[in-house]
Structure formats: structure tokens, C-alpha cells
Amino acid sequence: MRLVDFKFSTADYDMQRPLFVAVDDKPQPVVGLTKSPIDRRLVLDLDLTQAGRPLTLDAFVTRTQKLPGSWRIAVQTAIASPTTRELFGYRLVDEKIMFM
């Protein structure tokens, strides 16, 4: 999913909605963002312990406002053998934005 597409589709949402990623059918909170200028990806940092507070849509938009809209949103799903996969969408689940 391109950054511009995500921002455009969520422009009218409540900016306090928290961000999560579905990993093995379990919601994992997005706690940070890592910019990868080499491959133009914005990698969502997850808290697999679920102890951290998730970023809100407002925090996400603020932290990405200077990035080009063509950047892709991705997630690193494993710590031991880091593999990054691109995210292709999201859905609303119990007032949360859940990337898939």
C-alpha cells in the first residue's frame, strides 16, 4: 500500500484511532516507524509483547508528512529472521485500524 493511498483513505477518520497489524490473526500494536530510503519503504515497528502503546493515526500522519506519497508501507514480521513484507490494505476492527 502506498503512503498516499493510506492517508487519502483515512482522511475523514477519527485521528485518535490506534494502529495495529494482524500477525498470525492476532493484533500487534504499531509502536514506531522506520524509514528505509534505500527501497523507499516505511516499515511499521511492532511490539510483539503488546506492552507498548500503539501509535494513533494522528501520530502516524505527523511523522510521515515529509515523506513522498509513493513510499510503500511494510512490516517486519519476525525478529530472529527479519523478513519485510509489504502491506496491501487495512480494515476497521473495534475502532482500531488493522493493517493486513
Side-chain angles (χ1 to χ4, degrees):
M1 168 177 257
R2 293 183 317 161
L3 185 57
V4 67
D5 296 330
F6 176 71
K7 286 183 176 181
F8 184 72
S9 68
T10 59
D12 292 332
Y13 289 175
D14 176 5
M15 296 303 278
Q16 297 308 308
R17 285 184 190 254
L19 304 178
F20 287 81
V21 175
V23 177
D24 297 329
D25 295 327
K26 295 179 186 173
Q28 302 296 330
V30 176
V31 294
L33 306 171
T34 303
K35 300 170 193 164
S36 178
I38 296 169
D39 57 2
R40 298 175 154 232
R41 285 187 177 184
L42 179 67
V43 180
L44 305 179
D45 300 326
L46 304 181
D47 180 7
L48 300 178
T49 65
Q50 297 189 352
R53 289 184 56 161
L55 286 179
T56 62
L57 180 58
D58 184 46
F60 180 90
V61 170
T62 300
R63 292 181 186 188
T64 60
Q65 65 187 359
K66 293 184 180 179
L67 290 178
S70 61
W71 278 41
R72 310 299 284 187
I73 301 173
V75 65
Q76 186 172 325
T77 55
I79 297 171
S81 60
T83 56
T84 304
R85 69 175 172 92
E86 188 173 327
L87 298 171
F88 290 99
Y90 69 91
R91 62 183 176 188
L92 299 178
V93 179
D94 299 327
E95 299 299 318
K96 301 174 189 169
I97 295 174
M98 185 77 62
F99 287 101
M100 303 181 302

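Taking CG from Leu3 and CZ from Arg72, the interatomic distance works out to 10.5 Å, rounded to the nearest 0.5 Å. The distance from atom NZ of Lys7 to atom CZ of Arg2, rounded to the nearest 0.5 Å, is 12.5 Å. Summarising the geometry, atom CZ belonging to Arg63 is positioned 10.5 Å from atom CG belonging to Asp58; distances are rounded to the nearest 0.5 Å. Interatomic distance, Arg91 CZ to Lys96 NZ, rounded to the nearest 0.5 Å: 11.0 Å.
Tyr13 meets the side-chain contact (heavy atoms from CB on, under 4.5 Å) test with Thr10, Arg17, Leu57, Tyr90, Leu92, Ile97; sequence neighbours excluded.
Under a hydrophobic-cluster definition in which Ile, Leu, Val, Met, Phe, Trp and Tyr are linked whenever side-chain heavy atoms come within less than 4.5 Å, directly or via other members, Met15 and Leu67 are assigned to the same cluster. Hydrophobic clustering keeps Val4 apart from Met1 (ILVMFWY residues linked when any side-chain heavy atoms are closer than 4.5 Å, directly or through intermediates). Linking ILVMFWY residues whenever their side-chain heavy atoms come closer than 4.5 Å, directly or via other members, leaves Val21 and Val31 in distinct clusters. Linking Ile, Leu, Val, Met, Phe, Trp and Tyr residues whenever their side-chain heavy atoms come within less than 4.5 Å places Val23 and Leu87 in a single cluster. Note on Ile73 and Trp71: same hydrophobic cluster, where clusters join Ile, Leu, Val, Met, Phe, Trp and Tyr whose side-chain heavy atoms are under 4.5 Å apart, directly or indirectly.
Without hydrogens or angle criteria, Asp47 side chain to Gly52 main chain gives a donor-acceptor distance under 3.5 Å. Remark: the backbone N or O of Gln16 is paired with a side-chain donor or acceptor of Asp14 at under 3.5 angstrom.
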List the atom pairs, with distances to 0.1 Å, where a side-chain N or O of residues 38-45 and a protein N or O form a donor-acceptor pair under 3.5 Å, not counting sequence neighbours.
| residue | atom | partner | partner atom | Å |
| --- | --- | --- | --- | --- |
| Asp39 | OD1 | Ser36 | OG | 2.6 |
| Asp45 | OD1 | Thr34 | OG1 | 2.9 |
| Asp45 | OD2 | Leu33 | N | 3.3 |
| Asp45 | OD2 | Thr34 | OG1 | 3.0 |

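With a 4.5 Å cut-off on side-chain heavy atoms, Thr84 and Val75 do not count as touching.
Applying the ring pair (Phe, Tyr, Trp, His ring centres under 6.0 Å) test to every pair with at least one member in residues 17-61, sequence neighbours left out, gives these pairs: Phe6-Phe60.
Here the closest heavy-atom approach between residue Arg85 and residue Ala22 is recorded as NH2-O, 3.5 Å.
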